[in-house]
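Take a look at the structure below.
Counting begins at 1 with the first residue of the sequence. As a basis for the values below, the full set of heavy atoms in this structure was taken, side chains included, without hydrogen atoms, waters or symmetry mates.
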Amino acid sequence: QVQLTESGGGLVQAGDSLRLSCAASGRSFSTYTMAWFRQAPGKEREFVAAFRWTGAITYYADSVKGRFTISGDKSKNTVYLQMNSLKPEDTAVYYCATPKDRIPYGRSRYDYSYDYWGQGTQVTIPS
């Protein structure tokens, strides 16, 4: 059974940094895209970043480009989201996700591409 477990969220001030972790179990993830999404109160879930193990290819939403970095550690089956220069608008529940099968790079940003989701971790940046 595939399981994704996020950690690392918290309450920080604007301009601070956080690193989220997503530990995966239940299969080998080295050939599957791993992604982060977030959902703020009253808003739809939105894409944040995606990581493809082959070639360590990354893909970011425009709103986080240059501030967030997604990376992976194969030995730990874990994907990270390093978040710098945090803003109040980054406040959300952050979810890790992975698909059942390989997906084209162009579908990485769409939540319907993903079959497995973690429980989420809250990130709060007060204004």
Side-chain angles (χ1 to χ4, degrees):
Q1 183 178 355
V2 174
Q3 279 195 313
L4 302 175
T5 305
E6 304 98 333
S7 61
L11 171 66
V12 297
Q13 299 304 309
D16 285 351
S17 298
L18 275 177
R19 188 176 81 156
L20 306 183
S21 300
C22 172
S25 63
R27 70 175 187 189
S28 171
F29 289 85
S30 62
T31 59
Y32 298 93
T33 299
M34 300 290 291
W36 287 95
F37 286 78
R38 66 186 182 186
Q39 187 166 22
K43 294 188 177 181
E44 293 191 353
R45 186 164 55 191
E46 66 172 357
F47 170 76
V48 176
F51 178 81
R52 291 167 69 96
W53 296 98
T54 303
I57 297 173
T58 57
Y59 184 27
Y60 297 96
D62 288 343
S63 58
V64 306
K65 207 173 292 184
R67 300 188 299 123
F68 290 11
T69 303
I70 188 170
S71 62
D73 185 334
K74 251 183 210 181
S75 67
K76 297 180 179 179
N77 238 11
T78 298
V79 170
Y80 303 99
L81 185 68
Q82 177 66 42
M83 307 187 295
N84 298 330
S85 302
L86 283 163
K87 305 175 181 180
E89 50 264 44
D90 295 318
T91 294
V93 177
Y94 284 71
Y95 298 93
C96 175
T98 192
K100 191 180 303 183
D101 300 304
R102 296 182 192 182
I103 60 174
Y105 181 75
R107 281 179 48 191
S108 300
R109 67 179 300 117
Y110 301 107
D111 60 0
Y112 61 73
S113 299
Y114 298 88
D115 303 287
Y116 303 108
W117 295 81
Q119 82 289 349
T121 185
Q122 176 71 47
V123 173
T124 303
I125 302 98
S127 55

* **Least distance between heavy atoms, A14 atom then P88 atom** => CB-CD, 4.3 Å
* Side-chain heavy atoms under 4.5 angstrom apart, residues restricted to Ile, Leu, Val, Met, Phe, Trp, Tyr: same cluster for Y94 and Y80? -> no
* Close side-chain approach of L81 to V64, heavy-atom, < 4.5 Å -> no
* To do: Please check if any side-chain donor atom of Q3 sits under 3.5 Å from a side-chain acceptor atom of T5, or the reverse.
  => no
* **Side chains of P126 and L11 in contact at under 4.5 Å (non-hydrogen atoms)** => yes
* Flag side-chain contact, heavy atom, 4.5 Å: S21 against S7 -> yes
* Interatomic distance, Y114 atom OH to F37 atom CZ [nearest 0.5 angstrom] -> 5.0 Å
* Kindly compute the distance separating CZ (F68) from CD (Q82), expressed to the nearest 0.5 Å. => 9.5 Å
* Nearest-0.5 Å distance that lies between atom OH in Y116 and atom CE in M34 -> 12.0 Å
* Are V79 and V123 connected in the hydrophobic side-chain network, where two residues link if heavy atoms are under 4.5 Å apart? -> yes
* Who pairs with Y95 by side-chain hydrogen bond (donor to acceptor under 3.5 Å, both in side chains), at least two apart in sequence or on another chain? -> none
* From CZ (R38) to CZ (R45), nearest 0.5 Å -> 14.0 Å
* Structure fact -> Sorted by chain and residue number, the side-chain hydrogen bond (donor to acceptor under 3.5 Å, both in side chains) partners of T33 (sequence neighbours excluded) come out as none
* Answer yes if the side chains of R27 and T98 hold a donor-acceptor pair under 3.5 Å, and no otherwise. => yes
* Any donor and acceptor pair, going by atom type alone, linking the side chain of T91 with main-chain N or O of I125 inside 3.5 Å? -> yes
* Asked: Atom CG in N77, atom CG in L4: separation rounded to 0.5 Å?
  -> 9.5 Å
* Could you give all pairs that pass the salt bridge (Lys or Arg N to Asp or Glu O under 4.0 Å) test and reach residues 74-89, with sequence neighbours left out? -> none
* What residues, two or more places apart in sequence or in another chain, satisfy salt bridge (Lys or Arg N to Asp or Glu O under 4.0 Å) together with R67? -> D90
* To do: Can you sort out the partners of S108 under side-chain hydrogen bond (donor to acceptor under 3.5 Å, both in side chains), two or more places apart, ordered by chain and number?
  => none
* In the single-linkage hydrophobic clustering (I, L, V, M, F, W, Y; side-chain heavy atoms under 4.5 Å), do Y105 and V48 co-cluster? -> no
* Asked: Between atom CH2 of W117 and atom CD of E6, what is the distance when rounded to the nearest 0.5 Å?
  -> 9.5 Å
Would you be so kind as to tabulate the donor-acceptor pairs closer than 3.5 Å made by side chains of residues 55-63, with sequence neighbours excluded?
residue : atom : partner : partner atom : Å
Y59     : OH   : R109    : NH1          : 3.3
Y60     : OH   : I70     : N            : 2.9
D62     : OD1  : K65     : NZ           : 3.1

